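Below you'll find the structure, written out as structure tokens, and then a few comments.
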Amino acid sequence: MAFKLTRGAFGVLALGWVFLALPAIAQDASKNLAPGFKERPAASRLIIVPADIELFSISAGGVPEPKADWTETAGNNFKAALAASKAQLGANVQQLELADLDELHEISALHGAVAQAIVLHHIPGFIKLPTKNGNLDWSMGDAVKPIKARTGADYVLFTWIRDSYASPERKAAMVAMAILGVGLAGGQQVGYASLVDLNDGRVVWFNDLRRVTGDLREAKPAQETVEALLKGFPAAR
């Protein structure tokens with residue numbers, strides 16, 4: 001597992017995850033579930049959409065630079081780790097391929113926006129919404145109907161990951177500034193996982209991951225990331 005070198009915030013990124021750099025806060029597990037939802041029916045079918053993943057190298061000046069080769073490797077490792085997570089996901093599971101997602105790209109992007117709203121307003125909820133009454137009350141609406149029509153499944157799992165690593169130049173800058181008593185941020189791992197009911201588009205379970213550890217570039221650490229992201233995933237009973 002690669003340590004991200006500092007517990008400071010990653011900084012303001014053009015990707016819009018400004019508030020995501022804050023440390024994770026302990027939370028009531030019930031907040032991860034929509035009102036009235038506890039588990040999936042035993043015979044229910046689960047579809048897994050290819051993860052929205054991007055990896056970055058942090059330059060000496062703190063600028064995140066996309067790394068296409070890292071991202072490709074991470075995507076493969078993450079997919080393999082999900083396939084090996086039968087204990088958490090259950091048996092009746094199908095993973096869509098990237099080619100299947102071509103026409104569903106907007107749906108995946110919508111999930112990213114909804115997930116960020118959940119982090120901002122619910123878990124951990126930096127800006128609470130009185131109308132939600134503290135409930136996990138978000139929906140993707142009719143946007144998920146194409147997945148339902150194509151697969152006939154009952155639920156869909158969306159995942160979103162952004163992972164970053166300090167470059168050698170950044171590490172050197174961090175050491176130099178530490179001598180002067182100034183802390184510089186390195187990389188961090190931020191992820192979301194959402195279980196969505198395909199019958200009504202409701203987000204019935206959500207989990208987020210914000211930490212300075214983890215490495216999706218290697219298979220074993222990628223498995224640990226998947227396990228952490230799926231912690232508390234609703235069983236099929």
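None of these values were measured; they are calculated from a predicted model. Positions are given from 1 along the sequence.
To the nearest 0.5 angstrom, Ile161 atom CD1 is 6.5 Å from Thr225 atom OG1. The CZ atom of Phe233 sits 10.5 Å away from atom CG of Asn207, with the distance rounded to the nearest 0.5 Å. The line from CD of Gln95 to CG of Leu157 is 9.0 Å long, rounded to the nearest 0.5 Å. With rounding to the nearest 0.5 Å, the separation of OH in Tyr155 from CG in Leu46 is 10.0 Å. Taken from CG in Leu96 to NZ in Lys79, the straight-line distance is 10.0 Å, to the nearest 0.5 Å. Once rounded to the nearest 0.5 Å, the distance linking CD of Glu224 with CD of Glu227 reads 7.0 Å.
Counting all heavy atoms, side chain and backbone alike, His122 lies closest to Leu136 at CE1-N, 3.5 Å. Contact between Ser139 and Gly201 at its shortest, heavy atoms only, is OG-O, 3.1 Å. Closest non-hydrogen pair, Val156 versus Phe158, comes out as CG1-CE1, 3.4 Å. Residues Thr213 and Gln189 come closest through the heavy atom pair O-CB, 3.5 Å. Between Asp163 and Gly214, the closest heavy-atom pair is OD2-O, 4.1 Å. Scanning both residues, Ile107 and Ala143, for their nearest heavy atoms gives CD1-O, 3.0 Å.
Checking side-chain atoms of His121 against main-chain N and O of Lys128 turns up no donor-acceptor pair under 3.5 Å. Checked by atom type and distance alone, the side chain of Ser164 pairs as donor or acceptor with a backbone atom of Gln188 at under 3.5 Å.
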For this session: Determine, step by step, whether Leu198 and Asp154 satisfy the side chain to side chain contact (heavy atoms under 4.5 Å, CB included) criterion, reporting the C-alpha distance in whole Å, the side-chain angles of both residues, the deciding distance to 0.1 Å, and the verdict.
Result: CA-CA 5 Å; Leu198 285 173; Asp154 303 287; 5.9 Å; no
Problem set entry | Residues Ile48, Leu89; criterion side chain to side chain contact (heavy atoms under 4.5 Å, CB included); working and verdict | CA-CA 10 Å; Ile48 300 177; Leu89 296 175; 3.6 Å; yes
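Residues meeting the side chain to side chain contact (heavy atoms under 4.5 Å, CB included) test with Glu39, sequence neighbours left out: Arg237.
Within the structure, every pair that satisfies the side-chain hydrogen bond (donor to acceptor under 3.5 Å, both in side chains) test and touches residues 195-206, not counting sequence neighbours, is listed here: Lys148-Asn199, Asp197-Asn199.
Between Leu82 and Leu230, some side-chain heavy-atom pair lies under the 4.5 Å cut-off.
Heavy atoms of other residues, nucleotides or ligands lying less than 6.0 angstrom from NZ of Lys231 number 12 at most. Within 6.0 Å of the NZ atom in Lys145, the count of heavy atoms belonging to other residues, nucleotides or ligands does not exceed 12.
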Less than 3.5 Å apart, which donor and acceptor atoms pair up between the side chains of residues 66-75 and the rest of the protein, not counting sequence neighbours?
unit_1, atom_1, unit_2, atom_2, d
Thr71, OG1, Leu55, N, 2.9
Thr71, OG1, Lys67, O, 3.0
Thr73, OG1, Asp69, O, 3.2

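Under the 3.5 Å distance criterion, with hydrogens and angles disregarded, no donor-acceptor pair is assigned to the side chains of Gln94 and Thr151. Tyr165 and Asp215 form a side-chain donor-acceptor contact under 3.5 Å, judged by distance and modelled atom types alone.
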